[in-house]
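Here is the structure we will look at, set down as structure tokens.
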There are 2 protein chains.
Amino acid sequence: MEKNDALAAFAALSQPTRLDVIRHLIAAGEDGLLAGEIAERLSVRANTLSANLSILLQAGLVSKRREGRSIRYCAELDGLRALIGFLLQDCCGGRPELCQPLIESVGRASAPQNQNVMEGS
Amino acid sequence: MEKNDALAAFAALSQPTRLDVIRHLIAAGEDGLLAGEIAERLSVRANTLSANLSILLQAGLVSKRREGRSIRYCAELDGLRALIGFLLQDCCGGRPELCQPLIESVGRASAPQNQNVMEGS
DNA sequence: CTGTCATTTCCATAATTCATGAATCATGGA
DNA sequence: TCCATGATTCATGAATTATGGAAATGACAG
């Protein structure tokens with residue numbers, strides 16, 4: 001990931017509505033959400049949301065596809081992962097031991113209660 | 001990490017000079033850099049840099065301590081790690097397998113010799 | 001074709017961010 | 001104390017960003 005891509009991603013994530021949007025989209029899983037659904041859940045006007053979605057799109061953090069009259073947005077996990085990778089490179093570059101504890105703790109934290117990595121879905 | 005902390009960190013990292021600052025500080029290691037050294041390396045005026053450093057400080061991404069007439073800044077790796085954790089939580093939450101490949105690739109990428117983090121800045 | 005729904009685009013306004021010069025603060029030396 | 005140095009604070013203007021209303025686009029039904 002280039003520096004400019006990272007800057008765009010950081011800027012996209014630095015606004016409350018947009019951060020909420022991607023969190024909702026991630027939580028929604030692969031099916032994502034329709035623009036209208038997002039607007040209703042977050043209580044933002046359609047045009048405001050549209051502008052924010054376009055910024056997230058530009059930053060490569062979401063994707064969209066038309067579905068009839070609606071437009072479905074999905075979190076672009078590759079984009080998020082690239083951003084995390086950018087941070088990890090800077091943070092851990094040359095000194096992996098610095099972030100190993102973090103990675104392990106996330107591994108634990110993200111395997112909560114009702115889910116078992118071992119059982120296939 | 002709270003949502004507001006993450007927003008502050010993203011905003012802090014979304015500006016070219018500030019992103020350069022933390023990258024230089026990380027590369028500088030535990031000794032960090034004096035404010036004047038940073039200003040000279042990045043060719044930014046002292047007062048502009050000071051304002052940007054204060055934003056990074058507020059976001060918990062750097063720390064400072066006085067050293068005679070100068071002030072030494074250091075990257076706050078805990079803050080960076082917290083931010084990465086926030087992203088990983090959102091990204092991988094409930095589905096660790098999504099980010100495992102990323103984590104492993106970073107582990108590999110950060111292993112080789114004394115690679116230079118600064119290239120491309 | 002006409003009407004409606006979902007979303008986007010256009011435009012104006014309000015708010016925020018940013019870099020700058022001037023002034024100020026803090027430290028250390030003469 | 002006085003002065004020089006390193007850094008910060010303050011006030012300003014330029015630029016960017018966010019938001020809302022109105023209009024336009026695209027898709028579908030009748």
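Each chain gets a letter, A, B and so on, in the order its sequence line appears, and its residues count up from 1.
- Comparing atom distances between the A/T48 side chain and each of D/dT19, D/dT8, C/dT8 picks out D/dT19 as nearest.
- Distance A/L49 CG to C/dT8 P: 7 Å, rounded to the nearest Å.
- Within 4.0 Å of A/R69, counting heavy atoms only, lies at least one base atom of the nucleic acid.
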Would B/L25 and B/V62 count as a side-chain contact (heavy atoms from CB on, under 4.5 Å) here? Give the steps.
CA-CA 8 Å; B/L25 286 179; B/V62 306; 3.7 Å; yes

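- The distance from atom CZ of A/F10 to atom P of C/dT17 is 18 Å, rounded to the nearest whole Å.
- A salt bridge links B/K3 with A/D20: the closest approach of a Lys/Arg side-chain nitrogen to an acidic carboxylate oxygen falls below 4.0 angstrom.
- Nearest nucleotide to the B/L34 side chain, out of D/dA7, C/dT20, C/dT9: D/dA7.
- Closest-nucleotide positions on DNA chain D for B/N47 and A/Q15 were compared, and the one nearer the 5' end corresponds to B/N47.
- Rounding to whole angstrom units, CD of residue B/Q58 and P of D/dT8 are separated by 14 Å.
- Set against C/dT8, D/dA18, C/dA19, the side chain of B/N52 has C/dA19 as its closest nucleotide.
- Taking every side-chain heavy atom of B/R45 into account, C/dT20 is the closest of D/dT8, C/dA19, C/dT20.
- B/I38 comes within contact range of no nucleotide atom at all, as no heavy-atom separation falls under 4.0 Å.
- Rounded to whole Å, atom C1' of C/dC5 lies 15 Å from atom CD of A/E37.
- Summarising the geometry, the separation between CZ on A/R72 and P on C/dA6 is reported as 14 Å, rounded to the nearest angstrom.
- Mapping A/A51 and B/V44 onto DNA chain C via the closest heavy atom, the residue that lands nearer the 5' end is A/A51.
- In this structure, of D/dG21, C/dT7, C/dA19, it is C/dT7 that holds the atom nearest to the side chain of A/I71.
- Taking the side chain of B/Y73 as heavy atoms from C-beta on, and the options D/dG21, D/dT8, C/dC18, the nearest nucleotide is D/dT8.
- Under the 3.5 Å distance criterion, the side-chain polar atoms of A/E67 are left unmatched by any main-chain donor or acceptor of A/S70.
- Following rounding to the nearest Å, A/K64 (NZ) and D/dG26 (P) show an atom-to-atom distance of 12 Å.
- Rounded to whole Å, atom P of C/dC5 lies 16 Å from atom CZ of A/R66.
- For the side-chain contact (heavy atoms from CB on, under 4.5 Å) with B/L34, the qualifying choice from B/R69, B/R72, B/E40 is B/R72, the only one to do so.
- Across all strands, B/A46 comes closer than 4.0 Å to base atoms (heavy-atom distances).
- When distances run from any side-chain atom of A/S70 to the nucleotides D/dA4, C/dT8, C/dT7, the shortest one goes to C/dT7.
- Within a 6.0 Å sphere centred on CD of A/E2, heavy atoms belonging to other residues, nucleotides or ligands number 12 at most.
- Atom C1' of nucleotide D/dA18 and atom CG of A/L53 are separated by 14 Å, given to the nearest angstrom.
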